[in-house]
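Beneath this line is the structure, given in C-alpha cells, with notes to follow.
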Amino acid sequence: MSDLLAKPWGENMVRSFCVGCALLVSGCGSKTLSLDADGVVTPSADPSVVGSVHEDIGQLAVDDTRLYWLAVDRENGVANTNCTLRACDKLNCAASLRTIAPRKSFGALGFGVVGNEIYSFQALDGDFGASPSAALVATDLGTGVARTLATDVFHMNQFVYRGTAAYDTDAVYFSIPDPASAQNEIESISAPSGDSRNVVVMLGSEQIITIATHDDYLYWLQSPMQGLASLRRIIKKGTGTLELLADGLEVTKLPDQFGPFSALAFDENDVYWAENTLSGSIDRCPLSGCSGAPEVLAAPVRAPTAIAIDSVQAHYLYELDAFSYAIAECDAGGCEPSVPSITGVDGANLLALDGDALYTATTSRNLNPNAHQASPMAEIRRFAK
C-alpha cells in the first residue's frame, strides 16, 4: 500500500491490504475486509470502518466534510518526525485519500485545520537532515497549493518532541524548549498572513505540557521537570494578567506523543483536563478558574490522555492496560468511570468529534514501542454519538 499512499493530491486511492484483524470494538464485532480482483477495498458488513491504512496514526481531526490524520514513520529518524499528513472525505474515504505533506511534518506539533487551510510545521528541505529548519506551512484544502507563513521557525533537535502547538483562526501558538536556555515561552505567528511573530508569555524553566485556545484566551498546562502541574491562561494577544486557574495537578507530558497532547477540552462554562497518572482522573474548573479544589468528573481512570466534550457527553481516552487504549463516555454533567465502549485504540491521542459521530483508529497489533513491527495496520472508525 505504500506506493498508493504516495499518490498526489486529488488522485483517488482505493487500494489497501488487510489481514483480517480482529478488533475489540463493543457492539461492532470483528472486521475483515474483502478484496476484489484488483485489490480494491469493497464495503464490508461493519459500517463503523471509514478506511484501513498500513501505517501508524498519530493524530486525528475532523471538520464538516473531511477527516485528517498524521501518518507516522517510526522507521526513519526520531519517532515524532517524518510524519505524513493525509486527508480524505469522511463519508467516502477510500476513494478520496489525499497526501498533503509527505514525510515532512514534525509530529509532536501536529496540525490544525482552519477554514479551508491546514497548518503544519514542516522541514524546509523536504527531509530530516542533521538540523533541518522548520517552516509554518498552510495548504489549501481545495487546490492543494501550499504557502509558507513563516520560515526558519526553529531547528530540529532532540527537544522538539517536547514541543506543543495550538492552531487558531487568528494565530498559531507553539512552545519548543530551548536546550541552550533555562527559559521557556509560548510564541505566536499570526494567521492567515503570517506577517507577525511574537512572544505571548515567558514562563521560566517550567515545561509546557499542552496549550489550547478557547474564545479570547490561551490556556496551557505547565510543570517543573519534577513536580505538580498548574493550569493557567492569558488573553491570546499576551495582554492582561497571567491567571492561575488550578494548581497541584498530576499531569505529565506523554513520552511518545504525536500531535498536540489533547488533555484540555472546553464547553461553554468549564475547562476540562486529564490527570494522566496510573490512578488518574478527569477534572474540571470554571473557565475563569477554581475557587477551591477542582471538581472531579471521573475517578479513578487509568492514565487518561485525551478528552473531547460535546453538549451531552464527556468522551475520554485512557489506558485499559499497559500499551492498550480504550475510549469511554459519560454524562458531561457528572459521571463515574464507565466501561469502555471502544477498545483496541491505536494510540493515546486518537479522539475526534463532529456533530454526529466520534472518530478514532483501532488496531490489533502490539503497541509496546519496543515491539518492532515493520508493517503496522490501523482502521479508522466512526461511531454515532
Side-chain angles (χ1 to χ4, degrees), residues 2 5-6 53-62 67-87 98-113 118-139 146 153-167 172-177 207-212 252-263 305-306 317 323 325 345-352 359-361 363 365 367-369 372-374 376-378 380:
S2 58
L5 289 176
V53 293
H54 269 261
E55 55 197 8
D56 282 312
I57 299 178
Q59 179 193 352
L60 278 174
V62 65
L67 179 70
Y68 311 87
W69 68 92
L70 277 176
V72 180
D73 180 3
R74 298 177 189 265
E75 301 301 314
N76 288 281
V78 180
N80 65 6
T81 60
N82 290 342
C83 292
T84 299
L85 189 56
R86 306 200 195 282
R98 301 167 178 177
T99 296
I100 299 173
R103 296 175 55 82
K104 296 197 298 185
S105 297
F106 290 83
L109 300 177
F111 63 89
V113 180
I118 188 165
Y119 295 159
S120 63
F121 290 92
Q122 299 178 17
L124 282 181
D125 59 5
D127 203 350
F128 293 91
S131 182
S133 176
L136 177 61
V137 176
T139 302
V153 180
F154 59 86
H155 287 261
M156 174 62 193
N157 58 56
Q158 61 178 329
F159 291 90
V160 172
Y161 76 93
R162 297 182 185 170
T164 186
Y167 301 85
V172 175
Y173 302 87
F174 62 98
S175 175
I176 300 169
Q207 181 185 18
I208 312 304
I209 299 172
T210 187
I211 56 182
T252 60
K253 183 77 171 180
L254 294 182
D256 189 22
Q257 183 66 18
F258 299 96
F261 180 41
S262 44
T305 56
L317 197 157
F323 308 111
Y325 301 101
V345 177
D346 193 33
N349 198 40
L350 302 180
L351 177 57
Y359 294 78
T360 189
T363 186
R365 67 188 181 85
L367 294 179
N368 187 324
H372 177 78
Q373 188 164 351
M377 209 275 312
I380 302 173

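Quick caveat, the model's predicted, so the values are computed rather than measured. All residue numbers in this chain count up from 1 along the given sequence.
Here CD1 of Ile118 is found 5.0 Å from CZ of Phe111. Values are rounded to the nearest 0.5 Å. Atoms CD and CE, from Glu55 and Met377 in turn, are 11.5 Å apart once rounded to the nearest 0.5 Å. Interatomic distance, CG of Asn349 versus CH2 of Trp69, reported as 15.5 Å (0.5 Å rounding). Between Leu367 atom CG and Asp346 atom CG the span is 5.5 Å, to the nearest 0.5 Å. Taking OG1 of Thr252 as the start and CD1 of Ile209 as the end, the distance is 6.5 Å to the nearest 0.5 Å.
No donor-acceptor distance shorter than 3.5 angstrom exists from the side chain of Ser105 to the backbone of Gln122, with no hydrogens or angles considered. No donor-acceptor pair under 3.5 Å is formed between the side chain of Thr139 and the backbone N or O of Ile100. Thr305 contributes a side-chain N or O that, together with a main-chain N or O of Ala348, makes up a donor-acceptor pair within less than 3.5 Å. In this structure a side-chain-to-backbone donor-acceptor pair under 3.5 Å is missing from Lys253 to Gln207.
Shown are Thr360, Ile380, Leu70; of these, the side-chain contact (heavy atoms from CB on, under 4.5 Å) with Ile57 is made only by Ile380.
Scored by the ring-ring contact (aromatic ring centres under 6.0 Å, His included) test, Tyr68 finds no partners at all (sequence neighbours excluded). Residues meeting the side-chain contact (heavy atoms from CB on, under 4.5 Å) test with Ala138, sequence neighbours left out: Glu117, Tyr119, Arg147, Leu149. Residues satisfying the side-chain contact (heavy atoms from CB on, under 4.5 Å) test with Ala165, not counting sequence neighbours, are Leu109, Phe121, Tyr167, Phe174. In terms of the side-chain hydrogen bond (donor to acceptor under 3.5 Å, both in side chains) criterion, Ser175 has no residue partners (sequence neighbours excluded). Take Gln59 and apply the side-chain hydrogen bond (donor to acceptor under 3.5 Å, both in side chains) test, not counting sequence neighbours, and it matches no residue.
Using a 4.5 Å cut-off on side-chain heavy atoms (C-beta onward), Val172 and Leu136 make contact.
The two atoms that bring Ala361 and Leu350 nearest to each other are CB-CD1, 3.9 Å, heavy atoms only. The two atoms that bring Ala352 and Val62 nearest to each other are CB-CG1, 4.2 Å, heavy atoms only. Residues Ala166 and Ala212 approach most closely at CB-CA, 4.0 Å, considering heavy atoms. Minimum interatomic distance between Ala134 and Phe106 (heavy atoms only, all atoms of both residues): CB-CE1, 3.4 Å.
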